[in-house]
Amino acid sequence: MPRPSPAYITTPIYYVNDRPHIGHAYTTTLCDVWSRAMRLDGRDVFFLTGTDEHGLKVEKSARDRGISPQALADENSAEFRKVMGLFGLTNDDFIRTTEPRHESQVKLFVEKLMKSGDIYLGEFAGWYDEGQEEYVTDTRAKELEYKSPISGKPLVRATEKNYYFRLSAYQAKLEAFFAANPRFVRPDGRFNEVLGRMRDGLQDVPVTRTNFTWGIGMPDAPEHVIYVWIDALFNYATALGLGDPNGALAKDRARFWPPEYHVIGKEILWFHAVIWPALLMACGLEMPKCVYAHSFWISNGQKMSKSLGNFIDLPTIQGYFDKYGLDAWRWYMATQGPIGTQDADFSPKHFHEIYTANLVNTFANCASRTSSMMEKYFAGSMPAADTASMPISAAAGAPTWSVFTQQAAEKTLKHYSDFELAEAGNTALSIVRAVDLLINETAPFKLAKDPTKMDEVARIIAACAEGVRVAAVLLTPIMPNKCGEVLAAYGSPIAADGGMLAAARWGGLKAGTKIAKCAPFMRVDAPTA
RNA sequence: GCCGAUGUAGCUCAGCUGGUUUAGAGCGCUGGAUUCAUAACCCGGAGGUCGGUGGUUCGAGUCCACCCAUCGGCACCA
């Protein structure tokens, strides 16, 4: 048995100044599906999520509420953690940027970068909006005619000392790295955006500010507070203890580095695709394999925004759980989401159609009709029958069931591994469709009226049952609960190890196994809206 | 403004480096068949000038130019 290979996947850490909504749930669910798939395949997965808790906004919100920033962070971080639990997510850790283990390591990283000269103290001069307490870029200031867009007051010329990261020094190295790793940023369209911006040239970026205090202070210069984004990016490394390579945490977890996927929303692509790799180069750490930037959900054709108040928020999501169930929600997230370059629309009608077409009419109905015939004709006991060399249909050139399902399983695994979750789900469903086809083609319910043909009926139904079992195995990462139900009803829970392909191998259902009637997804009324 | 996409059946989209078809799939719609199943599954149909115009070519959704429309990125933000 080969040593299980480590697999590290991360979500962004979520900013505690926000309320959890579909965006957070989506990103985290995708990572969860991937994690479950890789675990099912026997890999040693480390799945990380958490909360980003420093910064001006948190400081302000806390002040408005008359509580300490830490109290606000504690409250909202707990909310995120609770929510992740509701979604049945299997993260292996939940990191918070206010934890000592994170803060101490960020300081170690920064010290290292100071020593190497990658971080230096420089002077910043720019146009400052006093009302908003923020700088605006030179070009933006010109556009605004040097007036605040909010208050209309003139912008002032201000200077301050800041620490900078020497990003400009990494232009050539990054370009070489990107050229050598054409799958580093996905989808492709996003990589093109990054490459396009790279052509404008990289400038050093500030890593500290002095206009707020809620954050990690610079070593030896605590009035300079480390910018939230750099603080946040390092979470991926501090969670594994990499800031302190000889520490206990690193001993336990360093083997997970580098990440297989940093899954993020498109709005933070630049940080993850350019600044983060440069920081890692400066720290001497290996590059992540892939930064996957998904797009956004829109709501009934409209962008979600605070002003429109049309966020798919937790109560809304809870409504879907109540009506369709958690696994149906996960199916929708995994197969219909904005995983590509384009935003995806979330609508009650579409959700319902997908639920009915894929889960009720296809997956559940097939599991139901098959188990029903098993009960009716074989007293709910898997008949002994040789099905491996049986063709999936009478059509010329049709593959055998064992070959067909093995190929489907390999394809499904590849899709999961490559973060093509919709394709993985659909490939698994294709087995169910083939079972439906077999039933229709051979009509075992007709043959069963002739007692001399029961051997043939046995072969057909046995193949159907095995097909359903294999499909349920392959769909488990997306729908762990319902597939668990089906596999339990079919008397064949997934074995503890051996990998996804072994679990999906034809012939897992032994003769004599009890198979109970099951119907995992029931029809529900269409939404009125 | 700069950079980059996309525009194919009602909807969501496949169509790689041009000539396998009379341009495909899923969903929706419609006719039929059927009963093992959750009015499900299966078969058939409905026809979209492949955004527009002009080119290159023996031949173009598939290449080029221009135009129209929609969208994304441009360093707060899933």
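Note on naming: letters A, B, ... go to the chains in the order of the sequence lines (proteins, then strands), and numbering restarts at 1 for each one. Values in this document were obtained by computation on a predicted structure and should not be read as measured data. Every heavy atom of this structure was used, including side-chain atoms; hydrogens, water molecules and symmetry mates were not.
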For A/Phe271, which contact category applies under a 4.0 Å heavy-atom criterion: base, sugar-phosphate, or nothing? sugar-phosphate
From CD1 of A/Ile298 over to P of B/G72, roughly how many Å is that when rounded to an integer? 9 Å
Contact class for A/Lys57 vs. all strands (heavy atom < 4.0 Å): base, sugar-phosphate, or nothing? base
Nucleic acid contacts - residues 191-202 of chain A versus RNA chain B, non-hydrogen atoms under 4.0 Å: A/Glu193, A/Arg197
Mind checking A/Pro338 for me? I need base, sugar-phosphate or nothing, with any heavy atom below 4.0 Å counting as a touch. nothing
Report yes or no: does A/Glu423 contribute a side-chain atom to a donor-acceptor pair with the main-chain N or O of A/His415 at less than 3.5 Å? no
Provide the distance between the two P atoms, one in B/G52 and one in B/A69, to the nearest whole Å. 15 Å
Indicate syn or anti for B/G61, taking the glycosidic torsion and treating anything within 90° of 0 as syn. syn
How long is the gap from CD on A/Glu53 to OG1 on A/Thr97, to the nearest 0.5 Å? 4.5 Å
Could you provide the dot-bracket string of RNA chain B, using ( ) for intrastrand pairs, [ ] for crossing pairs and | for bases paired to another strand, with Watson-Crick or G-U pairs below 3.5 Å? (((((((..((((.....[....)))).((((.........)))).....(((((..]....))))))))))))....
Among residues two or more places apart or on two chains, list those pairs meeting salt bridge (Lys or Arg N to Asp or Glu O under 4.0 Å) that have a residue in residues 268-278 of chain A. none
Determine the contact category for A/Ile268: base if any of its heavy atoms lies under 4.0 Å from a base atom, sugar-phosphate if only primed atoms, P, OP1 or OP2 are that close, otherwise nothing. sugar-phosphate
Pairing of A/Lys349 and A/Glu353 as salt bridge, 4.0 angstrom limit: yes
Using the test salt bridge (charged side-chain N to carboxylate O under 4.0 Å, His left out), find all partners of A/Glu441 that sit at least two apart in sequence or belong to another chain. none
Between CD1 of A/Ile460 and C1' of B/C41 the distance, given in whole Å, is 15 Å
Can you work out whether A/Arg523 or A/Thr356 has the more 5'-proximal nearest nucleotide on RNA chain B? A/Thr356
Round to a whole Å and report the spacing from CD1 of A/Ile230 to P of B/C77. 13 Å
Donor on one side chain, acceptor on other, A/Asn235 and A/Arg96, under 3.5 Å: no
side-chain contact (heavy atoms from CB on, under 4.5 Å) between A/Val205 and A/Ile230: does it pass, once the steps are laid out? CA-CA 10 Å; A/Val205 291; A/Ile230 192 169; over 6 Å; no
Does the A/Thr27 side chain pair with the main chain of A/Ile264, one donor and one acceptor, at a distance under 3.5 Å? no
Under 4.0 Å from any atom of RNA chain B, heavy atoms only: list the residues of residues 325-335 of chain A that qualify, in numerical order. none
C1' atom, B/A9 versus B/G47: distance in rounded Å? 8 Å
Nearest to the side chain of A/Val205, which nucleotide is it out of B/U38, B/C42, B/A75? B/A75
Is the side chain of A/Thr442 donor-acceptor paired with the backbone N or O of A/Leu438 at a distance under 3.5 Å, no angle test? yes
When you compare B/U21 with B/C27, how far apart are their P atoms, in angstrom units rounded to a whole number? 23 Å
Identify each atom pair where a protein N or O and an N or O of nucleotides 30-34 of chain B are less than 3.5 Å apart, giving names and distance.
none

Side-chain donor-acceptor pairs of residues 446-454 of chain A under 3.5 Å, sequence neighbours excluded:
| unit_1 | atom_1 | unit_2 | atom_2 | d |
| --- | --- | --- | --- | --- |
| A/Asp450 | OD1 | A/Thr452 | N | 2.9 |
| A/Asp450 | OD1 | A/Thr452 | OG1 | 2.8 |
| A/Asp450 | OD2 | A/Thr452 | OG1 | 3.3 |

Between A/Arg459 and A/Glu456, does at least one N-O distance fall below 4.0 Å, as a salt bridge requires? no
Reckon A/Tyr26 touches a base, only the sugar-phosphate, or nothing at all at heavy-atom distances under 4.0 Å? nothing
Passing candidate, ring-ring contact (aromatic ring centres under 6.0 Å, His included) with A/His24, options A/Tyr14, A/Phe87, A/Trp297, A/Tyr15: A/Tyr14
Hey, is the main chain of A/His350 close enough, under 3.5 Å, to the side chain of A/Ser347 for a donor-acceptor pair? yes
Contacts of A/Leu167 and A/Val360 projected onto RNA chain B by closest heavy atom; the upstream (5') one is A/Val360
Check every strand shown and say whether A/Ser368 touches a base, only sugar-phosphate, or nothing at a heavy-atom separation below 4.0 Å. base
Give me the residues of residues 421-435 of chain A where at least one heavy atom lies under 4.0 Å from an atom of RNA chain B, by number, or none. none
C1' spacing across the pair B/G61 / B/C50, given as an integer number of angstrom: 5 Å
Is A/Asn361 near enough to B/C41 that one of its side-chain N or O atoms lies under 4.0 angstrom from OP1 or OP2? yes
To the nearest angstrom, how far is A/Ile354 atom CD1 from B/U12 atom P? 12 Å
Counting side-chain heavy atoms from C-beta on, which of B/C41, B/C77, B/G73 comes nearest to A/Arg190? B/G73
Residues that A/Trp401 engages under ring pair (Phe, Tyr, Trp, His ring centres under 6.0 Å), provided they are two or more places apart: A/Phe404, A/Trp506
Cation-pi geometry met for A/Arg469 and A/Tyr490 (6.0 Å, 45°): no
Using the C1' atoms only, state how far B/G15 lies from B/U8, rounded to an integer number of Å. 9 Å
Integer angstrom distance from the C1' of B/G45 to that of B/U22: 16 Å
Filter on side-chain hydrogen bond (donor to acceptor under 3.5 Å, both in side chains), then keep only pairs touching residues 426-439 of chain A, sequence neighbours left out; what's left? A/Arg369-A/Asp436
Just call it for A/Tyr377: base, sugar-phosphate, or nothing, with non-hydrogen atoms closer than 4.0 Å on any strand. sugar-phosphate
Nearest to the side chain of A/Asn440, which nucleotide is it out of B/C36, B/C42, B/A75? B/C42
Whole-angstrom distance between B/G4 and B/G18, as gauged at atom C1': 25 Å
For the side chain of A/Asn365, starting at C-beta, report the closest nucleotide among B/C76, B/C27, B/C41. B/C41
A/His21: side chain to side chain donor-acceptor pair (under 3.5 Å) partners, not counting sequence neighbours: none
Nucleotide nearest A/Lys376 (side chain, heavy atoms from C-beta), chosen from B/C76, B/A37, B/C41: B/A37
Distance in Å, A/Phe445 CZ paired with A/Ile461 CD1, rounded so as to fall on 0.5 Å steps: 9.5 Å
Euclidean distance for P, B/A14 against B/C63 (whole angstrom): 15 Å
Among B/U38, B/A37, B/C76, which nucleotide sits nearest the side chain of A/Met522? B/U38
Is there any ring pair (Phe, Tyr, Trp, His ring centres under 6.0 Å) pair reaching into residues 186-213 of chain A, and which pairs are they, with sequence neighbours excluded? A/Phe178-A/Phe191
For A/Pro12, which contact category applies under a 4.0 Å heavy-atom criterion: base, sugar-phosphate, or nothing? sugar-phosphate
